[in-house]
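Read the structure below first, then the notes.
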Amino acid sequence: MKLSKLAIRNFRRLEDVEIEFDEKETIFVGPNNSGKTTATDVFRCFLGSRSFKVHDFSMGEINRINAYDPDAENNEFPQIELDLWFQFDPAGIEFGRVFTLLPNLSDSLDRAGIRCAYRVKKIEVLWEAYQEVFPVDEAGERKRTLSHFLGLEGNLKQHFEMGYFALQENITDAIPVDPKNGKQILASLLRVDFVHAQRNMDDEETSRSNKLSEAFTSYYKRGNYHRPHLKEESVRIVDENNDRLTTHYGESFQELFTIIRGLGVPSANDRELRLVSSTTADTALKGSTDLMYVDSVAQHELPEAYNGLGFKNLVYMVVQIRQFHLDWINTEINRPL
């Protein structure tokens, strides 16, 4: 299964763009404000956790929204669209997952397309709500535009929904798919993860809120979940250290606890006080572990801050991408193809 092509319409500055994907990786290159971030943010909106905002409509569509007239003929309300085209082996398991997207089996059986459309639910309900909040005044004007109304808290989410359609090559009409089925089909075909730009990595050694340390901690926690032997080993090692630390704390605080007992706390009938080490491998890695760069000849250790931000970003991306890959491999049910 391969994602071979996508088309983006009416999303920010990408009014009508088609992108073909390479066999292994595709890289967007261009000057500032050429649409690179937009071409990835469209995935965040349709396949990630980011919610749409009215400003995600391209400027031409904003103008169409504001010019909408319910009494005009052929007056379709603007929507944002993402078309995804997949190439697959008709003899493989993926055929069963894309079958719903192939309404006409006389067509090519090695390509399937699905359209995601962010669209208005019921235009008449939206128009009525708009009229109620911003009615026409005596001069025949409104205080605010329809796009402004949609930009108010909760209005876009209330009046818009996600729609799914099956696409056929060389046929302009898209065939509606039940929204629940469409979402499930898409999730079974494609997984999308995001490595965010790390512009706030702190080089100050005094800072403990280090993005690299957090990335390694997350990798350790999620990775060892699927490797029971490593998880058991970490518990054994940490328990041994906790026992030794507990003994050490008992010796270190013996005098203090003697003073506290002299004050009648705890009383003769109460339980004794004891400081117990309760470190886990996760918390130790996050709060008490430093990432060092070691010279292979001199064995001299340099703190993390002594390497450039570019290098730290590369390490961060490797950790993130490897974690995404492990999460995908370890998906036991209906893993995206």
Side-chain angles (χ1 to χ4, degrees), residues 6-17 33 35-72 74-84 100-101 113-136 142-167 174-197 334 336:
L6 69 82
I8 304 168
R9 282 180 292 277
N10 305 329
F11 187 67
R12 301 181 192 171
R13 62 171 56 245
L14 303 181
E15 295 186 352
D16 191 358
V17 173
N33 291 323
K36 302 186 300 295
T37 301
T38 298
T40 52
D41 275 353
V42 72
F43 282 95
R44 298 179 195 272
C45 292
F46 279 109
L47 298 162
S49 59
R50 184 188 179 280
S51 299
F52 280 96
K53 296 178 173 58
V54 70
H55 305 296
D56 289 326
F57 284 90
S58 61
M59 187 53 62
E61 299 308 289
I62 290 290
N63 293 335
R64 283 187 59 208
I65 289 174
N66 291 336
Y68 178 79
D69 180 358
D71 298 323
N74 301 322
N75 197 4
E76 293 185 0
F77 203 79
Q79 61 185 29
I80 299 173
E81 296 178 355
L82 174 66
D83 292 354
L84 299 167
T100 307
L101 303 178
I114 184 170
R115 171 172 296 165
C116 312
Y118 192 64
R119 60 183 186 173
V120 66
K121 294 179 182 176
K122 294 183 178 180
I123 183 56
E124 61 274 12
V125 175
L126 167 60
W127 189 256
E128 182 179 341
Y130 173 53
Q131 295 256 62
E132 185 176 341
V133 176
F134 297 116
V136 176
R142 295 184 194 272
K143 280 188 175 182
R144 296 291 185 176
T145 61
L146 181 52
S147 65
H148 176 88
F149 173 77
L150 287 172
L152 297 178
E153 183 69 30
N155 283 350
L156 193 68
K157 186 175 183 179
Q158 178 182 350
H159 293 287
F160 273 70
E161 65 182 358
M162 198 72 72
Y164 298 92
F165 303 83
L167 301 174
I175 301 173
V177 176
D178 177 80
K180 185 177 180 180
N181 289 342
K183 185 176 182 178
Q184 290 176 345
I185 292 169
L186 189 56
S188 75
L189 298 178
L190 184 65
R191 174 187 170 117
V192 181
D193 290 295
F194 303 96
V195 179
H196 301 276
N334 209 21

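Atom set for the values below is all heavy atoms of this structure, side chains included, hydrogens, waters and symmetry mates excluded. Throughout, numbering of the chain's residues begins at 1 and tracks the sequence.
Closest non-hydrogen pair, L6 versus I8, comes out as CD1-CG1, 3.4 Å. Minimum interatomic distance between P179 and M162 (heavy atoms only, all atoms of both residues): CB-O, 4.3 Å. Between L14 and G35, the closest heavy-atom pair is CD1-O, 4.1 Å.
Here salt bridge (Lys or Arg N to Asp or Glu O under 4.0 Å) pairs that include residues 115-134, with residues two or more places apart or in two chains, are E81-R115, D83-R115, R119-E161. Every pair passing side chain to side chain donor-acceptor pair (under 3.5 Å) that includes a residue from residues 178-195 is listed here, sequence neighbours excluded: R191-D193. Within the structure, salt bridge (Lys or Arg N to Asp or Glu O under 4.0 Å) pairs that include any residue of residues 58-67 comprise E61-R64 (at least two apart or interchain).
For P176, the side-chain contact (heavy atoms from CB on, under 4.5 Å) partners at least two apart in sequence or on another chain are F165. Remark: F194 engages no residue in a ring pair (Phe, Tyr, Trp, His ring centres under 6.0 Å) (not counting sequence neighbours). Listed by chain and residue number, F11, R12, C45, R50, F52, K53, I80 satisfy the side-chain contact (heavy atoms from CB on, under 4.5 Å) test with D56 (two or more places apart in sequence, or in another chain). With sequence neighbours excluded, the residues forming a side-chain contact (heavy atoms from CB on, under 4.5 Å) with N33 are R13, listed by chain and number. With sequence neighbours excluded, the residues satisfying side-chain contact (heavy atoms from CB on, under 4.5 Å) with Q158 are N155.
You'll find the side chain of Y68 reaches within 4.5 Å of the side chain of I123, heavy atoms only. You'll find the side chain of C116 reaches within 4.5 Å of the side chain of L186, heavy atoms only. Taking 4.5 Å as the limit, every side-chain heavy atom of L167 sits out of range of all side-chain heavy atoms of L84.
The distance from the CG atom of L190 to the CD1 atom of I185 is 13.5 Å, given to the nearest 0.5 Å. N334 contributes atom CG, which lies 9.0 Å from atom CG of L189 (distance to the nearest 0.5 angstrom).
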* Take L156 and Y118 through the side chain to side chain contact (heavy atoms under 4.5 Å, CB included) test and state the conclusion after the steps. => CA-CA 10 Å; L156 193 68; Y118 192 64; 3.7 Å; yes
* To do: Please step through side chain to side chain contact (heavy atoms under 4.5 Å, CB included) for the pair F77 and F160, ending with a clear verdict.
  => CA-CA 11 Å; F77 203 79; F160 273 70; 3.6 Å; yes
* **side chain to side chain contact (heavy atoms under 4.5 Å, CB included) between R142 and Q131, worked out** => CA-CA 9 Å; R142 295 184 194 272; Q131 295 256 62; 2.7 Å; yes
Would you mind writing out the side-chain donor-acceptor pairs for residues 144-152 within the sub-3.5 Å range, not counting sequence neighbours?
from : atom 1 : to   : atom 2 : distance (Å)
T145 : OG1    : N66  : OD1    : 3.4
T145 : OG1    : S147 : OG     : 3.1
T145 : OG1    : H148 : N      : 3.2
S147 : OG     : N66  : OD1    : 2.9
S147 : OG     : N66  : ND2    : 3.3

